[in-house]
Amino acid sequence: QVQLVESGGGSVQAGGSLRLSCATSGYPYDEYCLGWFRQAPGKEREGVASIDINGRTSYRDFVKGRFTISKDNAKNTLYLQMNSLKPEDTAMYYCGVDLGTGLERYCATAPADFGYRGQGTQVSVSS
């Protein structure tokens, strides 16, 4: 059973930093795409960043240079380091995973849709 549990959200002022974590379990590590996506009230879901099994990362333009996605295979944990946060980054953040072969091209788009996702962690940035 695939499980994803996010943590690390909170409230910060603009310019601040947060580090999100996603504890993962229950899926094989043969082929996958891991990522973060977010959704703000009244807005569509949008991808943020992704990382594939080879460690290749992809970011949406609006977080490039500010956010860093990483994973610790020994701890089965995905991270999102968020620096220089802006009020427009306020949203519920989710981690997700897609499983299967041939995911490299899909993962490179920093997608917003994943086969499995966690329950989310709220990030609020005040001006």
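Worth saying up front: this structure is predicted, and the values here are computed from it rather than measured. For this chain, numbers begin at 1 and follow the sequence in order.
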Report task. Tell me who clusters with V5, hydrophobic residues only, linked when side chains sit under 4.5 Å apart either directly or through other members. Result ->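 Via sub-4.5 Å side-chain contacts, V5 links to none.
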Do [X] and [Y] make a side-chain contact, defined as non-hydrogen atoms from C-beta onward lying under 4.5 Å apart?
X    : Y    : result
T77  : K71  : no
C22  : L20  : no
F37  : R117 : yes
E104 : Y106 : no
V2   : L99  : yes
S126 : P87  : no
Y94  : W36  : no

Nearest atoms (heavy-atom pairs only) where [X] meets [Y]:
X    : Y    : value
V63  : V48  : CG2-O, 3.5 Å
S127 : A14  : CA-CB, 4.3 Å
I69  : L34  : CD1-O, 4.2 Å
R45  : D113 : NH1-OD1, 3.3 Å
K64  : Y59  : CE-O, 3.3 Å
G9   : V123 : CA-CG2, 4.2 Å

Any donor-acceptor N/O pair, [X] side chain to [Y] backbone, under 3.5 Å:
X    : Y    : value
T121 : S7   : no
S50  : C107 : yes
D52  : C33  : no
D72  : A74  : yes
E6   : G120 : yes

Query raised in the report: Would N83 and S17 satisfy side-chain hydrogen bond (donor to acceptor under 3.5 Å, both in side chains), going step by step from the backbone distance to the final call?
Result: CA-CA 4 Å; N83 299 327; S17 298; 2.9 Å; yes
Query raised in the report: Quick one: do I51 and Y32 end up in the same hydrophobic cluster if we chain Ile, Leu, Val, Met, Phe, Trp and Tyr together by side-chain heavy atoms under 4.5 Å apart?
Result: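 Result: yes, single cluster for both.
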**Report entry** ILVMFWY network linking L103 to I53, side-chain heavy atoms under 4.5 angstrom
**Finding:**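 Per the 4.5 Å side-chain linkage, L103 and I53 are not co-clustered.
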Query raised in the report: Which distance, rounded to the nearest 0.5 Å, do you find between the OG of S21 and the NZ of K75?
Result: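 Spacing of OG (S21) from NZ (K75) equals 9.0 Å.
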**Report entry** For R19, side chain to side chain donor-acceptor pair (under 3.5 Å) partners two or more places apart
**Finding:**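 In terms of side chain to side chain donor-acceptor pair (under 3.5 Å), with neighbours along the sequence ignored, R19 is linked to no residue.
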Requested in this report: Step by step, work out the side-chain contact (heavy atoms from CB on, under 4.5 Å) result for Q119 and L4.
Outcome: CA-CA 8 Å; Q119 83 289 347; L4 305 165; over 6 Å; no
Requested in this report: Salt-bridge test for E46 and R60: reply yes if a basic N is under 4.0 Å from a carboxylate O, no otherwise.
Outcome: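 Looking at R60 together with E46, the answer is no, because their closest N to O distance does not fall below 4.0 Å.
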**Report entry** Short N-O contact, K86 and D89, less than 4.0 angstrom
**Finding:**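 Answer for the salt bridge query: no.
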Query raised in the report: When the ring planes of Y93 and F67 are compared, do they come out parallel, tilted or perpendicular, using 30° and 60° as the limits?
Result: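 Judged by the thresholds at 30° and 60°, the geometry between Y93 and F67 is tilted.
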Query raised in the report: If you draw a 6.0 Å radius around CD in Q13, do more than 12 non-hydrogen atoms from other residues or ligands fall strictly inside?
Result: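 Counting neighbours around CD of Q13, 12 or fewer heavy atoms of other residues, nucleotides or ligands fall under 6.0 Å, so no.
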**Report entry** Y116 OH: over 12 foreign heavy atoms closer than 6.0 Å
**Finding:**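 No - once you tally the heavy atoms of other residues, nucleotides and ligands closer than 6.0 Å, there are 12 at most.
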